[in-house]
> 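Have a look at this one before I ask anything.
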Amino acid sequence: MAFLIFGTAIYAQDYLDVVKATYHTTTLGNVDNDVETDVGNANVEVYFPVPLTSDITMISGFTYENTRLSLNNSISRTNLIMTRLNLGVKLDHGKKWSGTYVLLPKFASDFNDLGDNDFQMGGLALLEKRYSSKYSLKFGTYISSENFGTTVTPLIGLWYKSKNKKFYINATLPIRADANYSVTDHFSVGGNLLTSVKSYNIASQLGDGFYVQEESIRFSAFAAYGLLDDTIIVRARVGFDTTDYGLYAQGDDVGVQVLTFQVGGDDRTRLNSEFEAAPFVGVDLIFRTGL
C-alpha cells in the first residue's frame, strides 16, 4: 500500500517515488509434506499526484501485482493477479493536520472469465499531524471487501528524519515500514516490513468456485544505490517471507476480519495445506522525482 508513503511526502520529504517496480522470489515448503513450490512475485506501482491548490492535491495511480505458484502440491502453477486503481485526494486541514482519502477499486483473480467475484472495493482514510519538519504521526483505517468477507485494518504511523538527514523512518503499521540510513550521498542501507491481507478469485485449472486468501508478512534488509543524481534507485533485498495462500470454496467466508482476527470466528474448510515460511531475495527499481 505504497500510497501510504505519499500521505507524508509533501511535508516530510523533498522527493516522490513516481514509479516503483519490484521482483522477489522464494521457495515455500509445506507443513504437511516435503513438497515445495517456487514463488515469484512481480509488482509495479505508478503515481500521478496533481496539486490543485495549496491545500488540495489529487492522487491517482495504478498498481499491478502478479504472484505465480502452485497452490495444491501439483506441477500446475497459478497466476494470482491484482490490478488496482488508486483514486483520491490529500487535504490540508490546517493547524498542521492533513488527511489522505483514497478509493481503491481492484480486480484480483487468475484473470480467467472475469466476473463479480473478481472485483473488490477498498478505501483508505489517513490523518497526519505534523509536529515539525522532522517528525509527524499518522492515524487511519483501511477497509476492503474480499472473497472471504470484509477486512478492516486500523493504521498508526510515524515519519522521522534525523537532524543530519542521514537516517529516516517511514512507517504505517501494520501495512509497511521502512528504515533507511545514508552511508554516502548515493549509497544507503536499511530494513523493510511489508504486510497484506487480500483474496483472489480462481476460475481456471482448479475449476470455478474457489478463492485464495493471502496473508503476507515479509521482513527484509536492503542495500540501495542512486544513479543519475538519485533519480533512479536500485535496491537489493534479502529477507524472510511468511506468506500463506489458503484455498477455499466461494461462499465459505468469515464475515468481518480485523487485521488477521475473524470477528465471528473461522469455521471454513481449507482445501490446501499451509505454507511454511522461507528466506527470499528481491530487487527494486525506483524512479524518483523532486517535489
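All values below come from the heavy atoms of this structure, side chains included, with hydrogens, waters and symmetry mates left out. Positions are given from 1, in the same order as the sequence printed here.
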> Return the OH to CG distance between Y200 and D118, rounded to the nearest 0.5 Å.
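Reported value, rounded in 0.5 Å steps: 12.5 Å.
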> Should the pair E214-K198 be classified as a salt bridge under the 4.0 Å nitrogen-to-oxygen rule?
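Yes, E214 and K198 are salt-bridged.
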> Linking Ile, Leu, Val, Met, Phe, Trp and Tyr by side-chain heavy atoms under 4.5 Å, what else ends up with I286?
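Result for I286 is I233.
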> Partners of N30 by side-chain hydrogen bond (donor to acceptor under 3.5 Å, both in side chains), sequence neighbours excluded?
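side-chain hydrogen bond (donor to acceptor under 3.5 Å, both in side chains) check on N30 returns N73.
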> Quick one: side-chain hydrogen bond (donor to acceptor under 3.5 Å, both in side chains) partners of E274, sequence neighbours excluded?
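Applying side-chain hydrogen bond (donor to acceptor under 3.5 Å, both in side chains) to E274 gives none.
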> Testing the 3.5 Å rule here: is there a donor-acceptor pair between the side chains of D110 and N79?
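No, because no side-chain N or O of D110 sits under 3.5 Å from a partner of the opposite role on N79.
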> Assess the side chains of N170 and Y168: does a donor N or O sit below 3.5 Å from an acceptor N or O?
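Looking only at side-chain atoms, Y168 and N170 do not form any donor-acceptor pair under 3.5 Å.
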> Hey, what do you get for CD1 (I59) to CG (L124), rounding to the nearest 0.5 Å?
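One finds 8.5 Å between CD1 of I59 and CG of L124.
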> To which residues is V254 joined in a hydrophobic cluster, defined by side-chain heavy-atom contacts under 4.5 Å among Ile, Leu, Val, Met, Phe, Trp and Tyr, whether direct or through other members?
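So far as hydrophobic clustering goes, V254 is joined with F148, V197, Y211, Y248.
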> Whether the N86 and R84 side chains hold a donor-acceptor pair (N or O, under 3.5 Å, no angle test) is what I'd like checked.
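Short answer, yes.
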> Going by atom types only, do S136 and E128 share a side-chain donor-acceptor pair under 3.5 Å?
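Looking only at side-chain atoms, E128 and S136 do form a donor-acceptor pair, the distance falling under 3.5 Å.
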> Is the shortest distance from a Lys or Arg side-chain nitrogen in R288 or D230 to a carboxylate oxygen in the other one below 4.0 Å?
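Salt bridge absent between R288 and D230.
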> Can you name the residues that form a side-chain hydrogen bond (donor to acceptor under 3.5 Å, both in side chains) with Y245, not counting sequence neighbours?
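With neighbours one apart ignored, the set is empty.
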> Can a donor-acceptor pair be found between the side chains of N180 and K161 at a distance below 3.5 Å?
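No, no side-chain donor-acceptor contact under 3.5 Å.
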> Mind checking salt bridge (charged side-chain N to carboxylate O under 4.0 Å, His left out) for E215 and listing every partner two or more places apart, or none if nothing turns up?
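With sequence neighbours excluded, E215 shows a salt bridge (charged side-chain N to carboxylate O under 4.0 Å, His left out) to no residue whatsoever.
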> Salt bridge (charged side-chain N to carboxylate O under 4.0 Å, His left out) with D266: which residues, sequence neighbours excluded?
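Testing D266 for salt bridge (charged side-chain N to carboxylate O under 4.0 Å, His left out), a comparison that skips the adjacent residues, returns R268.
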> Sorted by first residue and then second, give each salt bridge (Lys or Arg N to Asp or Glu O under 4.0 Å) pair with at least one member in residues 240-255; sequence neighbours left out.
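Residue pairs with at least one partner in residues 240-255: R218-D241, D244-R270.
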> Got a second to check how far T83's OG1 is from F111's CZ, nearest 0.5 Å?
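Going from OG1 on T83 over to CZ on F111, the span is 3.5 Å.
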> Tell me yes or no: between the side chains of N41 and E65, is some donor less than 3.5 Å from an acceptor?
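E65 and N41 do have a side-chain donor-acceptor pair below 3.5 Å.
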> Are more than 12 heavy atoms, taken from residues, nucleotides or ligands other than D229, located less than 6.0 Å from that residue's CG atom?
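No.
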> Return the OG1 to CG distance between T153 and L173, rounded to the nearest 0.5 Å.
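The OG1 atom of T153 sits 12.0 Å away from the CG atom of L173.
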> Tell me who clusters with I143, hydrophobic residues only, linked when side chains sit under 4.5 Å apart either directly or through other members.
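Its cluster mates, by chain and number, are V152, V256, V258, L259, V263.
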> Considering residues at least two apart in sequence or located in another chain, which fulfil the side-chain hydrogen bond (donor to acceptor under 3.5 Å, both in side chains) criterion with T27?
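T27 satisfies side-chain hydrogen bond (donor to acceptor under 3.5 Å, both in side chains) with D38 only.
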> Just jot down the salt bridge (charged side-chain N to carboxylate O under 4.0 Å, His left out) partners of K106, sequence neighbours excluded, or say none.
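By the salt bridge (charged side-chain N to carboxylate O under 4.0 Å, His left out) rule, K106 matches E146.
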> How does the hydrophobic cluster around V238 look, that is, which other residues are in it when side-chain heavy atoms under 4.5 Å mark a link?
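Under the 4.5 Å side-chain rule, V238 groups with V281.
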